[in-house]
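Notes follow once the structure below has been shown.
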Amino acid sequence: MILPIYALGQPVLKKVGEPITADYKGLSELIENMWETMYNANGIGLAAPQIGRGIRLFLVDTVQMMDEGKEEEGIKMAFINAEKVQEGGNPWYYEEGCLSIPDVHGDVERPAQIKLKFLDADFKEHVKVFSGVNARVIQHEYDHIDGKLFTDYLKPLKRRRIKRKLESIKKGTIETKYKMKFAR
Ligand code: NI
């Protein structure tokens, strides 16, 4: 089932997500619905707050964006109760976007690697280091479960330039290619 994606301005996007337990009601169905919602919107990541749940769950699929023959391998994974262990490596800029902030893109600087402790969809624990585009998408989604958005990092000039656009997303006066839930 495709769920509406919560738009910028929705309070849940600013909340720190709560950890969940394996008996969280309807979890496997929720994860299934989130994959469907993400692919329907052509996303490469989706976090639970973006569908209105303030919990520490996000999905990442970078397999679809890796060129064949590229040395970097994509990942397709659900991350539950993720905790950042460490971030490091040379910071780099990458253009980010977000399904909750349609048609807005901006260069964000983040460290090259992230070490994460998390549970997979079967509640098996992993501690893994991610780098490159995988790290980048994970860092963006991890921010969602900490109540942060990529627009928080944009430089003042860029923020001024997109201000009106952000206001119209908050007001819901935009056209979108997928179903959204606006704050007003
Ligand atoms: Ni996002």
Side-chain angles (χ1 to χ4, degrees), residues 2-18 20 30-31 33-66 74-84 87 91-112 114 116 118 130-155 158-159 161-163 165-172 174-183:
I2 294 165
L3 308 167
I5 294 177
Y6 281 50
L8 176 74
Q10 288 278 11
V12 69
L13 293 174
K14 287 283 175 192
K15 265 180 33 188
V16 176
E18 296 285 339
I20 57 168
L30 172 66
I31 292 174
N33 290 341
M34 282 176 64
W35 283 123
E36 197 183 341
T37 301
M38 186 188 91
Y39 290 126
N40 175 65
N42 291 318
I44 51 174
L46 183 71
Q50 293 182 276
I51 49 97
R53 307 250 190 152
I55 56 172
R56 300 185 79 76
L57 161 66
F58 62 85
L59 310 178
V60 171
D61 181 358
T62 54
V63 176
Q64 42 176 347
M65 64 183 294
M66 296 294 177
I75 53 163
K76 183 186 169 177
M77 264 190 241
F79 295 80
I80 294 168
N81 298 349
E83 292 294 338
K84 199 188 289 181
E87 258 180 324
W92 62 303
Y93 280 96
Y94 188 76
E95 192 182 60
E96 296 186 22
C98 182
L99 295 179
S100 294
I101 315 170
D103 297 322
V104 174
H105 299 272
D107 289 330
V108 178
E109 188 184 31
R110 299 186 194 264
I114 184 166
L116 215 61
F118 63 97
F130 298 93
S131 57
V133 172
N134 292 333
R136 176 57 61 132
V137 179
I138 287 169
Q139 286 161 324
H140 177 111
E141 299 310 324
Y142 185 89
D143 269 356
H144 275 301
I145 63 166
D146 266 350
K148 288 181 232 161
L149 299 169
F150 85 93
T151 42
D152 299 342
Y153 302 110
L154 298 175
K155 296 197 169 134
K158 172 80 179 174
R159 292 171 79 110
R161 236 185 290 146
I162 61 170
K163 195 168 180 254
K165 178 96 205 181
L166 296 185
E167 286 307 316
S168 59
I169 295 171
K170 285 181 190 169
K171 287 191 199 124
I174 53 158
E175 292 283 327
T176 57
K177 296 186 193 81
Y178 45 87
K179 201 158 96 177
M180 294 196 82
K181 198 168 168 151
F182 296 100

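First listed ligand is number 1; within each ligand, the first listed atom is number 1.
Side-chain atoms of Asn42 and Tyr178 form no donor-acceptor pair, as typed in the model, at a separation below 3.5 Å.
Smallest separation of non-hydrogen atoms from His105 and Lys158: O-NZ, 2.8 Å. The nearest pair of heavy atoms linking Arg56 to Gly17 is CG-O, 3.2 Å. Residues Ile5 and Ser100 come closest through the heavy atom pair CG2-OG, 3.9 Å.
Counting only protein atoms, the N, O or S atoms lying less than 2.8 Å from the Ni ion (ligand 1) are Cys98 SG, His140 NE2, His144 NE2, ordered by chain and residue number.
Note that Arg159 lies outside the cation-pi zone of Tyr153, set by a 6.0 Å cut-off to the ring centre and a 45° limit from the axis.
Remark: Glu83 engages no residue in a side-chain hydrogen bond (donor to acceptor under 3.5 Å, both in side chains) (not counting sequence neighbours).
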